[in-house]
Visitor: 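Take this structure, written in structure tokens, and hold onto it; I'll ask about it next.
In what follows, residues are counted from 1 in the order of the sequence shown.
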Amino acid sequence: MASFYSGQDGKLFVDGNDTESAKVRSWSFTASQAVLETVSLGDTDRTLVPGLRSLTGSCSIYYYQTSPGSGTPTGGVSDFVSKFIKDGDNAGGDAVNAKSDSIRLKLAIDDGTSSMRYIVFYAYITSLAMTNAVGQIVSADISFEGHGAPTGIRL
């Protein structure tokens with residue numbers, strides 16, 4: 001029987017965890033490919049060869065803890081913050097701290113099977129914005145760029 005999927009079927013897994021890493025509001029990705037011209041003097045029609053591919057995307061997740069007061073936050077927003085923002089461990093403001101780490105993302109759609117539909121890739125976070133507003137759940141909007149080819153695809 002045919003079926004449509006909705007936003008509530010979306011899931012996000014980080015760094016190979018088998019359990020959902022965050023409460024997802026939304027995720028998206030865009031894959032693109034550059035093309036290179038292979039024309040020379042005297043040609044009358046443009047010909048192309050495939051060039052570099054790239055993958056970019058974003059996600060919006062909710063900030064939450066599985067149990068209140070459980071100490072150091074893990075999962076969700078914390079997975080992203082720890083890969084992107086590094087503590088300089090200095091009071092001098094000399095801008096010396098560790099480089100950002102890549103993060104392994106699995107963007108999935110729960111299709112009712114144990115394997116789901118998904119794309120898995122490594123990425124670098126390019127922006128992270130947290131929002132705290134009265135009457136709303138604390139959330140984070142994250143943008144990323146893929147690092148290398150996807151490591152798994154079942155869409």
Visitor: In chain order, what residues pass the side chain to side chain donor-acceptor pair (under 3.5 Å) check against Thr47, with sequence neighbours excluded?
Guide: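 Scan of Thr47 (side chain to side chain donor-acceptor pair (under 3.5 Å), adjacent residues dropped) gives Thr38.
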Visitor: Do Lys23 and Tyr62 form a cation-pi contact, if we require the NZ or CZ to be under 6.0 Å from the six-membered ring centre and within 45 degrees of the ring's axis?
Guide: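 The answer is no, since Lys23 fails at least one limit relative to Tyr62.
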Visitor: Flag yes if Ile137 and Val24 sit in one hydrophobic cluster, no otherwise; membership is Ile, Leu, Val, Met, Phe, Trp, Tyr, and two members link when side-chain heavy atoms are under 4.5 Å apart.
Guide: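 No.
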Visitor: Is a side-chain donor or acceptor of Asp43 paired with a backbone partner of Asp45 at a separation under 3.5 angstrom?
Guide: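 Side chain of Asp43 to backbone of Asp45, a donor-acceptor pair under 3.5 Å: no, none is there.
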Visitor: Could you check whether the rings of Tyr124 and His147 sit parallel, tilted or perpendicular, using 30° and 60° as the cut-offs?
Guide: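 If you compare the ring of Tyr124 with that of His147, the planes turn out perpendicular.
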Visitor: Considering all heavy atoms of both residues, which atom of Asn132 and which atom of Val138 are nearest to each other, and what is their separation?
Guide: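 Heavy atoms only, the tightest pair is OD1-CG2, 3.5 Å.
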Visitor: Looking at CG of Leu105 and CG of Asp15, how far apart are the two atoms once the value is rounded to the nearest 0.5 Å?
Guide: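 Leu105 atom CG to Asp15 atom CG measures 8.0 Å (nearest 0.5 Å).
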Visitor: Name all residues meeting the side chain to side chain donor-acceptor pair (under 3.5 Å) criterion together with Glu145; count only those two or more places apart in sequence or in a different chain, and write none if there are none.
Guide: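 Expected list: none.
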Visitor: Within a reach of under 6.0 Å around OH of Tyr122, are more than 12 heavy atoms found that belong to other residues, nucleotides or ligands?
Guide: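 Counting neighbours around OH of Tyr122, 12 or fewer heavy atoms of other residues, nucleotides or ligands fall under 6.0 Å, so no.
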Visitor: Answer with yes or no whether the hydrophobic clustering places Leu107 together with Ile125; edges join I, L, V, M, F, W, Y residues whose side-chain heavy atoms lie under 4.5 Å apart.
Guide: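 Shared cluster, yes.
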Visitor: Check whether Arg46 reaches the backbone of Val39 with its side chain - one donor and one acceptor, N or O, closer than 3.5 Å.
Guide: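 A pair under 3.5 Å: no.
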Visitor: Rounded to the nearest 0.5 Å, how far does CZ of Phe13 lie from OH of Tyr118?
Guide: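 Between atom OH of Tyr118 and atom CZ of Phe13 there are 11.5 Å.
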Visitor: Using side chain to side chain contact (heavy atoms under 4.5 Å, CB included), reason through Phe84 and Ile142 one step at a time and then give a plain yes or no.
Guide: CA-CA 10 Å; Phe84 184 53; Ile142 299 152; over 6 Å; no
Visitor: Taking atom types as modelled and ignoring hydrogens, do the side chains of Ser58 and Ser143 form a donor-acceptor contact shorter than 3.5 angstrom?
Guide: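 Side chains of Ser58 and Ser143: no pair found under 3.5 Å.
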Visitor: Distance check, rounded to the nearest 0.5 Å: Met116 atom CE versus Ile109 atom CD1?
Guide: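 Atom-to-atom, Met116:CE and Ile109:CD1 are 10.5 Å apart.
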Visitor: Is the number of heavy atoms from other residues, nucleotides or ligands under 6.0 Å of Arg53 CZ greater than 12?
Guide: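 Not buried by this count: 12 neighbours or fewer within 6.0 Å.
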Visitor: Who pairs with Ser6 by side chain to side chain contact (heavy atoms under 4.5 Å, CB included), at least two apart in sequence or on another chain?
Guide: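 Residues passing side chain to side chain contact (heavy atoms under 4.5 Å, CB included) with Ser6: Gln8, Asp9.
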Visitor: Using side chain to side chain contact (heavy atoms under 4.5 Å, CB included), reason through Thr113 and Arg154 one step at a time and then give a plain yes or no.
Guide: CA-CA 12 Å; Thr113 66; Arg154 183 181 179 266; 3.9 Å; yes
Visitor: I'd like to check the side chain to side chain contact (heavy atoms under 4.5 Å, CB included) partners of Thr131; sequence neighbours left out, ordered by chain and number.
Guide: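 In terms of side chain to side chain contact (heavy atoms under 4.5 Å, CB included), with neighbours along the sequence ignored, Thr131 is linked to Ser139.
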Visitor: Is there a path of hydrophobic side-chain contacts, each under 4.5 Å between heavy atoms, that joins Leu128 and Tyr63?
Guide: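 Yes, Leu128 and Tyr63 fall within the same hydrophobic cluster.
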Visitor: Work out which heavy atom in Trp27 is nearest to a heavy atom in Lys11; give both atom names and the distance.
Guide: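 Where Trp27 meets Lys11 most closely, the heavy atoms are NE1-O, 3.3 Å.
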Visitor: Per the salt bridge (charged side-chain N to carboxylate O under 4.0 Å, His left out) rule, what does the pair list look like for residues 122-136, sequence neighbours excluded?
Guide: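 As it turns out, there is no salt bridge (charged side-chain N to carboxylate O under 4.0 Å, His left out) pair with a partner in residues 122-136 once direct neighbours are skipped.
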Visitor: Taking all non-hydrogen atoms of both residues, which atom of Gly51 and which atom of Gln33 are closest, and how far apart?
Guide: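 The answer is N-NE2, 3.6 Å.
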Visitor: Could you tell me which residues satisfy side chain to side chain contact (heavy atoms under 4.5 Å, CB included) with Ile153, sequence neighbours excluded, listed by chain and number?
Guide: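 Side chain to side chain contact (heavy atoms under 4.5 Å, CB included) list for Ile153, sorted by chain: Ile119, Pro150, Leu155.
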Visitor: Remaining members of Val35's ILVMFWY cluster at a side-chain heavy-atom cut-off under 4.5 Å?
Guide: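 Noted: Val35 shares its cluster with Leu48.
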Visitor: Looking only at heavy atoms, which two atoms of Glu20 and Gly10 are closest? And how far apart?
Guide: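 Taking Glu20 first and Gly10 second, the nearest heavy atoms are OE2-O, 4.1 Å.
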Visitor: Can you name the residues that form a side chain to side chain donor-acceptor pair (under 3.5 Å) with Ser32, not counting sequence neighbours?
Guide: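 Side chain to side chain donor-acceptor pair (under 3.5 Å) check on Ser32 returns Ser54.
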Visitor: Tell me who clusters with Val49, hydrophobic residues only, linked when side chains sit under 4.5 Å apart either directly or through other members.
Guide: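 Other cluster members: Leu36.
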Visitor: Check side chain to side chain donor-acceptor pair (under 3.5 Å) between Ser102 and all other residues, then give those that pass, not counting sequence neighbours.
Guide: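 Result, side chain to side chain donor-acceptor pair (under 3.5 Å) vs Ser102: none returned.
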Visitor: Under 4.5 Å side-chain heavy-atom separation, chaining through any Ile, Leu, Val, Met, Phe, Trp or Tyr, what else clusters with Leu52? Say none if it is isolated.
Guide: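 Leu52 clusters with nothing; isolated.
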Visitor: Restricting to salt bridge (charged side-chain N to carboxylate O under 4.0 Å, His left out), what partner residues turn up for Asp101, sequence neighbours left out?
Guide: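 If we apply the salt bridge (charged side-chain N to carboxylate O under 4.0 Å, His left out) test to Asp101, skipping adjacent residues, the hits are Lys86.
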Visitor: Taking all heavy atoms of Met130 and all of Val77, pick out the closest pair and write down the distance.
Guide: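 Smallest heavy-atom distance, with atoms named: SD-CG1, 4.0 Å.
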Visitor: Using 0.5 Å steps for rounding, measure from the CZ atom of Arg104 to the OG1 atom of Thr151.
Guide: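 Reported value, rounded in 0.5 Å steps: 5.0 Å.
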